[in-house]
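Mind looking over this structure? Questions follow.
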Amino acid sequence: MFTISSTPLGWIDVGRATQGLFFKSFLRVLPYALVPVVLLIGLLGLGVWVAGEHGDREWILYLCALLLLVSPALMSPLLHQVNACAHARPAVARESLACGLRCLLPCLAASALFMLAVGSGAVLLLLPGLYLFVALSFWWPALVIDGVGPVEALKASRRLVRGHWWRVAIGYCLVLGVAVLVDRFDISTVSLPDNLAGAIAALLLSAAVTALVPMFVSANMVVLYNDLALRDLALRDLALSRSQVPPDRLPA
């Protein structure tokens with residue numbers, strides 16, 4: 001049975017812990033990923049249809065940016081449930097949905113600031129954008145799990161990732177692997193009836209497969225966030241213990 005680590009993890013242990021949390025929380029959190037994914041796919045499909053009717057392809061880009069902006073807010077109940085599962089705490093649907101409503105506006109604000117910072121860095125040069133993406137990405141668990149404000153969440157993420165950028169970047173490679181596998185899934189290989197029921201089944205199956213990505217992302221972020229918080233706490237304890245040592249006893 002998976003339990004969240006109470007000590008900092010090694011490189012390989014991060015991957016094992018992410019997989020363990022993903023499988024442990026799978027059935028529990030699937031509805032919290034599936035509903036937002038169906039909504040996002042529906043909005044994207046509607047946007048593509050409207051753009052096709054009016055011949056305005058640029059509108060699709062604006063829609064994609066909007067979906068990226070609102071996705072963290074819609075997925076907040078998912079992250080809340082994954083974190084509760086990681087710490088073996090019960091969390092009813094009402095509690096997670098209340099967390100999602102409470103975090104809605106702060107998530108939108110923090111997501112906008114995050115996209116602005118990463119986008120500005122990417123426009124100036126690719127590497128600053130990539131650095132900021134990793135360094136600021138933990139604003140989401142800081143806001144949803146710890147309940148801090150948008151600006152404080154971004155600052156907290158930057159503080160936690162400082163000195164551990166490569167560890168986090170390599171940890172994110174697991175998510176990239178899952179995203180590639182999901183992208184390779186071809187719904188046409190599944191035999192479904194050629195009618196309305198088949199179309200609905202195809203949509204739900206595609207949504208279920210796509211939902212694996214936010215579920216794995218949430219598990220990965222909870223594991224990494226817990227690991228970074230433990231490292232930050234150990235560093236703070238070390239600094240506090242050193243500040244309490246008499247000057248004549250400090251090592252040369």
Side-chain angles (χ1 to χ4, degrees), residues 1-6 9 13-43 67-111 114 137-150 152-153 156-157 160 168 171-172 174-175 177-179 181-182 204-230:
M1 180 65 68
F2 172 84
T3 54
I4 197 72
S5 176
S6 59
L9 298 172
D13 294 330
V14 169
R16 291 174 177 171
T18 298
Q19 294 177 27
L21 180 56
F22 172 75
F23 287 115
K24 176 188 177 183
S25 62
F26 187 89
L27 294 178
R28 174 174 170 176
V29 306
L30 179 60
Y32 297 91
L34 190 58
V35 172
V37 165
V38 170
L39 177 60
L40 292 172
I41 291 178
L43 290 175
L67 295 182
L68 289 175
L69 177 69
V70 303
S71 291
L74 295 177
M75 297 290 179
S76 293
L78 167 65
L79 185 66
H80 181 266
Q81 279 287 338
V82 172
N83 183 66
C85 187
H87 294 87
R89 293 199 305 262
V92 297
R94 182 175 58 185
E95 182 182 348
S96 294
L97 294 176
C99 174
L101 289 175
R102 184 176 65 252
C103 296
L104 178 60
L105 293 180
C107 264
L108 292 176
S111 182
F114 174 74
S137 59
F138 286 95
W139 70 264
W140 190 37
L143 192 152
V144 175
I145 296 174
D146 291 335
V148 301
E152 291 78 6
S157 177
L160 291 174
V168 175
Y172 280 167
L174 294 170
V175 175
V178 173
L181 291 175
V182 169
L204 293 177
L205 181 59
S206 297
V209 173
T210 304
L212 297 178
V213 176
M215 291 168 62
F216 199 86
V217 167
S218 299
N220 187 242
M221 293 204 77
V222 166
V223 169
L224 286 171
Y225 186 69
N226 181 76
D227 181 65
L228 293 174
L230 289 173

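Values below: every heavy atom of this structure, side chains too, minus hydrogens, waters and symmetry copies.
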- Query: Going from OG on Ser76 to CD1 on Ile145, what distance comes out if it is rounded to the nearest 0.5 angstrom?
  - Reply: 10.0 Å
- Query: Can you name the residues that form a salt bridge (Lys or Arg N to Asp or Glu O under 4.0 Å) with Asp13, not counting sequence neighbours?
  - Reply: Arg16
- Message: Holding to ring pair (Phe, Tyr, Trp, His ring centres under 6.0 Å), I want the full list of residues that pass it with Phe26, two or more places apart in sequence or in another chain.
- Response: Phe22
- Task: Return the minimal non-hydrogen interatomic distance between Met221 and Pro141, and the atom names on each side.
- Result: CE-CD, 3.8 Å
- Mind listing the closest non-hydrogen atom pair of Ala86 and Val222 along with its distance? CB-CG1, 3.8 Å
- Message: Return the CZ to CE distance between Phe23 and Met215, rounded to the nearest 0.5 Å.
- Response: 10.0 Å
- Trp140 (side chain) donor-acceptor with Pro72 (main chain) under 3.5 angstrom: yes
- Item | Heavy-atom closest pair, residues Ala17 and Leu9 | CB-CD1, 4.0 Å
- Query: What closest approach, in Å, do Leu74 and Pro36 show between heavy atoms, and which atom pair accounts for it?
  - Reply: O-CG, 3.6 Å
- Message: Strictly by side-chain hydrogen bond (donor to acceptor under 3.5 Å, both in side chains), give each pair with a member in residues 28-41 just once, sequence neighbours left out.
- Response: Arg28-Gln81, Tyr32-Gln81
- Query: Taking atom OG1 of Thr18 and atom CG of Leu224, what is their separation to the nearest 0.5 Å?
  - Reply: 6.0 Å
- Does the side chain of Cys107 reach to within under 4.5 Å of the side chain of Leu143, using non-hydrogen atoms? yes
- Message: Please check: side-chain N/O of Ser157 versus main-chain N/O of Phe138, any donor-acceptor pairing under 3.5 Å?
- Response: yes
- Query: Going from CG on Leu97 to CG on Leu101, what distance comes out if it is rounded to the nearest 0.5 angstrom?
  - Reply: 7.0 Å
- Item | Shortest non-hydrogen contact between Ala211 and Val37, atoms and distance | CA-CG2, 3.9 Å
- Task: Indicate yes or no: at least one non-hydrogen side-chain atom of Asn226 is less than 4.5 angstrom from one of Leu230.
- Result: yes
- Spacing of Leu40 atom CG and Met75 atom CE [to the nearest 0.5 Å]: 5.5 Å
- Message: I'd like to check Leu78 versus Pro214 (side-chain heavy atoms, cut-off strictly below 4.5 Å). Are they in contact?
- Response: yes
- Of all heavy-atom pairs between Val223 and Val14, which one has the smallest distance, and what is that distance? CG1-O, 4.0 Å
- For Arg89, does the CZ atom sit with more than 12 other heavy atoms under 6.0 Å from it, leaving out its own atoms? yes
- Item | Reported OG-to-CG distance for the pair Ser111 and Leu69, which is rounded to 0.5 angstrom | 4.5 Å
